[in-house]
**Q** 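Let me begin by handing over the structure; questions about it come next.
FYI, the numbering just counts along the sequence from 1. Computed from heavy atoms alone, side chains included, the values below leave out hydrogens, waters and symmetry copies.
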Amino acid sequence: MFAIHDKHGLKLRGTLELINKHKKPAPIRLNRTKAFWDETEPRGTVVAFTQQPSNTPRYLKADELYKRALKLRVNEPVVHAHQVMSTQVYTVSPEDWLSDAWRWLQLYDIKQLPVVQKGVGIVSMLSRRDIEKHIFDDHWDVEELATKRVGSIMSDEVITTEPVSSVRRIARVMVDHNQHAMPVIDNGKLAGILTRGDILRVLSEEPKLNLWA
């Protein structure tokens, strides 16, 4: 399950197909061969946040229900977001200065910062690339960054997912909408983040896990 958030909070919640109906996928820039996320879907339905371990009973039960819904074998492994996401997430608010956000991106060696607004929740994403675009294209220097807020350049919307969402479908959304990281929301709160690097790690380290389910 996925959701779209904007500056007012939760805007839409639904399946990958519903998200694509509401938010037009980004144009494909390069020709590519068929990837694992293109397989036919089985029919059927700066703050750090710490989430419960992925083997908690609540998640295990949800995993089992997910398999039953897609008519998968009980012993067939499926990779879900909660199994590979990073649970320590650094965030910024729309009111933070871009110079501070730029410093935190470099200090913590990260490429994405979820934008969280007090009383609303996640409202956007700010990436290293967003700031670099203004540095190189608009010739902003550190002094210029210190005069502008995160909210002035952050994206209008961000797509999020839930802990029990298959990595394959998450990868599909990230590619379709050119989103380099996927915030994971659990019970309305930011629980973790899944990056393209995390997905590549799954492919390289855990080849026996089923990414096509």
**Q** Under 3.5 Å, side chain of Arg201 to main-chain N/O of Val84, donor-acceptor pair present?
**A** yes
**Q** Counting C-beta onward and ignoring hydrogens, is there a side-chain heavy-atom pair between Asp198 and Ser86 closer than 4.5 Å?
**A** yes
**Q** Quick check: do Leu190 and Val184 have side-chain heavy atoms less than 4.5 Å from each other?
**A** no
**Q** Where is the tightest heavy-atom contact between Arg169 and Thr15, given as atom of each residue plus distance?
**A** NH2-CB, 4.5 Å
**Q** Do Gln117 side-chain atoms and Val123 backbone N/O form a donor-acceptor pair below 3.5 Å?
**A** no
**Q** Got His8 and Lys11 here, is their nearest side-chain heavy-atom distance under 4.5 Å?
**A** no
**Q** Between Asp138 and Trp140 (side chain of the first, backbone of the second, donor and acceptor by atom type, cut-off under 3.5 Å), is there such a pair?
**A** no
**Q** Taking Ser165 for its side chain and Met1 for its backbone only, find out whether a donor-acceptor pair lies under 3.5 Å.
**A** yes
**Q** Evaluate the side-chain hydrogen bond (donor to acceptor under 3.5 Å, both in side chains) criterion for residues Ser127 and His180: first the C-alpha distance (whole Å), next the side-chain angles of each, then the deciding distance (0.1 Å), finally the verdict.
**A** CA-CA 9 Å; Ser127 70; His180 295 273; over 6 Å; no
**Q** Give a yes or no on whether the backbone of Lys189 and the side-chain of Asp186 come within a donor-acceptor separation of less than 3.5 Å.
**A** no
**Q** Could you check whether Glu162 pairs with Arg13 (Lys NZ or Arg NE/NH1/NH2 to Asp/Glu carboxylate O, under 4.0 Å)?
**A** yes
**Q** Taking NZ, NE, NH1 and NH2 as the nitrogens, is one of them in Arg172 or Glu17 under 4.0 Å from a carboxylate oxygen of the other?
**A** no
**Q** Is the backbone N or O of Val142 less than 3.5 Å from a side-chain atom of Ser99, with the two atoms forming a donor-acceptor pair by type?
**A** no
